[in-house]
Number of protein chains: 2
Amino acid sequence: MEIQIDIDGKAPLFAQVIAQIKKAVSEGELSAGDPLPSIRQLASDLEINNKTVAKAYNLLERDNIIQTKGYRGTYVHPSAIENCTADLNAWVIAELGKSINAFRDADVTDSEIRIAFTDVMNRHSSNGQSSSEPNSSGQNTA
Amino acid sequence: MEIQIDIDGKAPLFAQVIAQIKKAVSEGELSAGDPLPSIRQLASDLEINNKTVAKAYNLLERDNIIQTKGYRGTYVHPSAIENCTADLNAWVIAELGKSINAFRDADVTDSEIRIAFTDVMNRHSSNGQSSSEPNSSGQNTA
DNA sequence: TATTGTACCCCTACTTCATAGGGTACATTT
DNA sequence: AAATGTACCCTATGAAGTAGGGGTACAATA
């Protein structure tokens, strides 16, 4: 394993870890079933926090690049190579790009788009209320 | 014109101005062609900044609720009533909501969605670069 | 007992953004 | 000269999100 981490880099540490492991899988340095260093192990090797490595591992497992087997450690997923190229992120970017382009074509302000976005994100799965109704208990009048 | 502004309210001042004018149009207090107070005028009446009113007026004009005629002042748009109900914001929220629900169903992290979003927003119309490629001038190795 | 991944709690720092304001200036037209 | 909308400079505040760290604890297993 040759994981390179640039602490001063602009990319988040957990993202670098993910990219490095994906790269190792793509280039064949890591094959299906190969064991990965434990979270604590890799964290101390890279001199970063456990939680940072744990975050990277969690995302990698979600994408079926690796497989955690509890107390038995973490291993490269059987179909890691295929899932390695499947970029979930690219799909999200493409989808959002389409919507945002449509918004901008309709002269929607970037600021408005951002506000609407955080609006949607913050009503996790429950209810929803619009954000443009001022609650008149007014003071100044014209 | 009876515009109520709640300075201590949670809703942004410019949004309150917009809502109030829309309300006035909807309720018939303002009809097509009616003159609106000048930016400076309304600002001083409400004791808020010129730019705040200007912002509200700009958005209202974009939505064809009002019409600015340069030095001749600002007037209610001929088809203000119809455009008053058309909520551009609601459309944006609905569209984003559909996409975001799909992302979440695919187990995409909220954090990842947010990152992808700002990613897309920041490449205004020019180029685009992905945000997951660490620039190895690395320091720590494992 | 040691190690595995995992799940909590607390905390910090940094960045980005929206909002709001202050001020000055401009061309245009009355 | 006065008023119109508009554009530009500057500031400050607050909220939200992200990254990272420290610590402690758990069940399961060797």
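Letters A, B, ... mirror the listed sequences (proteins, then strands); counts begin at 1. Values below: every heavy atom of this structure, side chains too, minus hydrogens, waters and symmetry copies.
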For atom [atom1] of [X] and atom [atom2] of [N], their distance in whole Å:
| X | N | atom1 | atom2 | value |
| --- | --- | --- | --- | --- |
| B:N49 | D:dA12 | CG | C1' | 13 Å |
| A:L42 | C:dT6 | CG | P | 14 Å |
| B:I39 | D:dA3 | CD1 | P | 15 Å |
| A:D119 | D:dG17 | CG | P | 11 Å |
| A:Q41 | C:dG5 | CD | C1' | 14 Å |
| B:D8 | D:dG14 | CG | C1' | 15 Å |
| B:L59 | D:dG5 | CG | P | 16 Å |
| B:Y57 | D:dA7 | OH | C1' | 19 Å |

Inset, instruction - Ignoring hydrogens and angles, state whether a donor on the side chain of A:T68 or A:E61 is under 3.5 Å from an acceptor on the partner side chain. - result: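 Looking only at side-chain atoms, A:E61 and A:T68 do form a donor-acceptor pair, the distance falling under 3.5 Å.
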
Would you tell me if any nitrogen or oxygen in the side chain of [X] comes within less than 4.0 Å of OP1 or OP2 on [N]?
| X | N | value |
| --- | --- | --- |
| B:T118 | C:dT16 | no |
| A:S111 | C:dT19 | yes |
| B:R72 | D:dG5 | no |
| A:K55 | D:dA19 | yes |
| A:T52 | D:dA19 | no |
| A:N122 | D:dA16 | no |
| B:S38 | D:dT4 | yes |

Inset, instruction - Would you indicate what A:E61 reaches in the nucleic acid, counting non-hydrogen atoms under 4.0 angstrom: base, sugar-phosphate, or nothing? - result: sugar-phosphate

Would you say the side chain of [Y] lies within less than 4.5 Å of the side chain of [X], judging by non-hydrogen atoms?
| X | Y | answer |
| --- | --- | --- |
| B:F103 | A:L96 | yes |
| B:D110 | A:M121 | yes |
| A:Y57 | A:L36 | yes |

Can you figure out which of [options] approaches the side chain of [X] most closely?
| X | options | value |
| --- | --- | --- |
| B:F14 | C:dA20, D:dG20, C:dT6 | C:dA20 |
| A:K51 | C:dC9, C:dA20, C:dG22 | C:dC9 |
| B:T68 | D:dT6, D:dG17, D:dG21 | D:dT6 |

Legend entry - Spacing of CD1 belonging to A:I65 relative to NZ belonging to A:K22, to within rounding of 0.5 Å: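 Reported value, rounded in 0.5 Å steps: 5.5 Å.
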
Legend entry - Check: B:T109 main-chain N/O paired with B:R104 side-chain donor or acceptor under 3.5 Å: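 Checked: no pair found.
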
Inset, instruction - Indicate yes or no for a side-chain donor-acceptor contact from B:N83 to the backbone of B:N64 under 3.5 Å, with no hydrogens or angles considered. - result: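 Yes.
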
Inset, instruction - Confirm from the modelled atom types if A:K69 and C:dG5 form a donor-acceptor pair under 3.5 Å, side chain to base only. - result: no

Inset, instruction - Take B:E112 and A:V92 through the side chain to side chain contact (heavy atoms under 4.5 Å, CB included) test and state the conclusion after the steps. - result: CA-CA 9 Å; B:E112 289 176 309; A:V92 173; over 6 Å; no

Nucleotide N/O of nucleotides 24-28 of chain C paired with protein N/O under 3.5 Å:
from: C:dA25; atom 1: N6; to: B:R40; atom 2: NH2; distance (Å): 3.4

